[in-house]
There are 2 protein chains.
Amino acid sequence: MPIPRAAQTQRRTRIQEEKEEQILEAALDVFSQNGFKGATIDQIAEVAGMSKPNLLYYFRTKEAMHRALIERVLDTWLDPLRAFDAEGNPESEIRSYIRRKLEMARDFPRESRLFANEVLRGAPLIEDALKGPLKELVDEKAEVIRAWAKAGKIAKCDPYHLIFSIWSTTQHYADFDVQVRAVLGQEKDGDGRFEDAARFLEQLFMGGLSIRN
Amino acid sequence: MPIPRAAQTQRRTRIQEEKEEQILEAALDVFSQNGFKGATIDQIAEVAGMSKPNLLYYFRTKEAMHRALIERVLDTWLDPLRAFDAEGNPESEIRSYIRRKLEMARDFPRESRLFANEVLRGAPLIEDALKGPLKELVDEKAEVIRAWAKAGKIAKCDPYHLIFSIWSTTQHYADFDVQVRAVLGQEKDGDGRFEDAARFLEQLFMGGLSIRN
DNA sequence: CAATAATTTGACCGTTTGGTAAACATTACA
DNA sequence: TGTAATGTTTACCAAACGGTCAAATTATTG
């Protein structure tokens, strides 16, 4: 009778796992399209196929839902950068980083837009994560790139802005999808568009870093 | 006594000009930070320094405000691309296009974020503009770039994705400003950051298009 | 099976929101 | 200066919102 909130219980039941998953899936849909303030609990509940109080049984507030969602996304979002290997070959490392980021934009556009929405509004929920773990990771990888440049393996360039430009060019295809589709028309869609983008970005970055094929 | 809404009157008075300007300025502040749904009329009214009904005297609905604002922004936003000159030198044309876009991201970040917010939510208000005038303009300039490539003045590349990548890399500094600042720390701020970005992007695109300095 | 814990829901609450009505104030101009 | 058009404000409304409550239902387990 007293309400032991799902999030507080020690061991999570099967139902809890399933329902929380179901809710976060719906929340991703709604938050990524409307932003935090624009999304409503009723809307998420409807998409999730459950009543509003039921949803609030698993996440006590709208913000708790958003926080759970964005923390999870932020984590997987950085996986490609973590995979960036200092010991590897500069050309193939950068090339495959670009491709992996582009694949994520293609396969997880909602996650990209959720993140974009959050950063756009000032990133109140993830400010600490950006200044802490994210910055540290980028610092580390920037150092790798700088070392490559110093060793003459790639052209000298600002590693931070290189990373920014890879982020922005790839995520653009998720975040600005509507615009991209409007400009390209429907004839180029899906995989064709993806391959065109991949080819172009590869050429751009390989050339810009003086890595000739 | 009957209410001749400002927007409907034939000739606009001095007060109308001033107040509408004042409102749109405030609306830019609020909409760009919170998105359409996240922004409230009360908030805009407060920033504009007038009462809510007074604001609604000039713009009958929240959507009317947003529409007026975004149409104006969209127009000026495309100016740099319009300035792109087919007769000019490819290198300097592309270089100055990048610089101009980067300057806009620096000087008009709110406009950039307003636009980003609108596209992120599916661009319901400007879908037609994207598929019409915007597409036509991009088509035209893409043809110019293609001709340059054919003439061997720049490397062969997909002109559409080239334009997308210039848009995304430059606007990134406005839209993802919080993230950029979090990663770079505060030591690099303002003009220093801008110059670093400009130098990097110039190198990237000039190299990627095989235009060697 | 019994009883306890976990889950689900309809009804509800206070606040915020977009927008209106009408009275009041100010400006423009004959 | 008078008066009609324009501009401004206070008070208000209905709908939507985030969230609560208690009762009902379902699952778990001794």
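Proteins get letters first, then strands, A, B, ... in listed order; numbering begins at 1 in each.
- Using a 4.0 Å cut-off between a side-chain N of Lys or Arg and a carboxylate O of Asp or Glu, E118(B) and R67(B) do not qualify as a salt bridge.
- For dG18(D), its base sits under 3.5 Å from the side chain of K52(A) at one donor and acceptor pair at least.
- Atoms CG (L55(A)) and P (dT20(D)) sit 13 Å apart, rounded to a whole Å.
- Of the candidate nucleotides dG19(D), dT20(D), dT8(D), dT20(D) has the atom nearest to the side chain of P53(A).
- Remark: K52(B) engages D42(B) in a salt bridge, criterion side-chain N to carboxylate O under 4.0 Å.
- Here K62(B) does not reach the OP1 or OP2 of dT17(C): none of its side-chain N or O atoms lies under 4.0 Å away.
- Between R199(B) and D158(A) no salt bridge is recorded (no basic side-chain N to carboxylate O distance below 4.0 Å).
- In this structure, W167(A) has its ring center no closer than 6.0 Å to that of Y160(A).
- Ion pairing between a basic and an acidic side chain is recognised when a charged N comes within 4.0 Å of a carboxylate O; E21(A) and R72(A) show such pairing.
- Computed from coordinates, the M65(B) CE to dG19(C) P distance equals 10 Å when rounded to whole Å.
- At least one side-chain nitrogen or oxygen of Y57(B) sits closer than 4.0 Å to the OP1 or OP2 atom of dG7(D).
- The distance from atom CD1 of I23(B) to atom P of dG7(D) is 11 Å, rounded to the nearest whole Å.
- In this entry the distance linking NZ of K19(B) with P of dG7(D) reads 9 Å, nearest Å.
- Of all nucleotides listed (dG19(C), dG19(D), dT8(C)), dT8(C) comes nearest to the side chain of S51(A).
- Listed nucleotides: dG7(D), dT9(D), dT20(D). Nearest to the side chain of L56(A): dT20(D).
- Between E63(A) and K37(A), no side-chain nitrogen of the basic residue sits less than 4.0 Å from a carboxylate oxygen of the acidic one, so the salt-bridge criterion is not met.
- The phosphate of dT8(C) (OP1 or OP2) has a side-chain N or O of Y58(A) nearer than 4.0 angstrom.
- Remark: N54(B) is in phosphate contact with dT9(D), judged by side-chain N or O atoms under 4.0 Å from OP1 or OP2.
- With salt bridges taken as basic N to acidic carboxylate O contacts below 4.0 Å, none links R146(A) and D139(A).
- For E18(A) and dA27(D), the CD to P distance is 11 Å, given to the nearest whole Å.
- Following rounding to the nearest Å, E46(A) (CD) and dA16(D) (C1') show an atom-to-atom distance of 14 Å.
- A close approach under 4.0 Å does occur between a side-chain nitrogen or oxygen of Q16(A) and OP1 or OP2 of dT7(C).
- Residues from residues 35-44 of chain B placing a heavy atom under 4.0 Å of any atom in DNA chain C, listed by number, are A39(B), T40(B), I41(B), D42(B).
- To the nearest angstrom, P of dG18(C) lies 13 Å from NE2 of H66(B).
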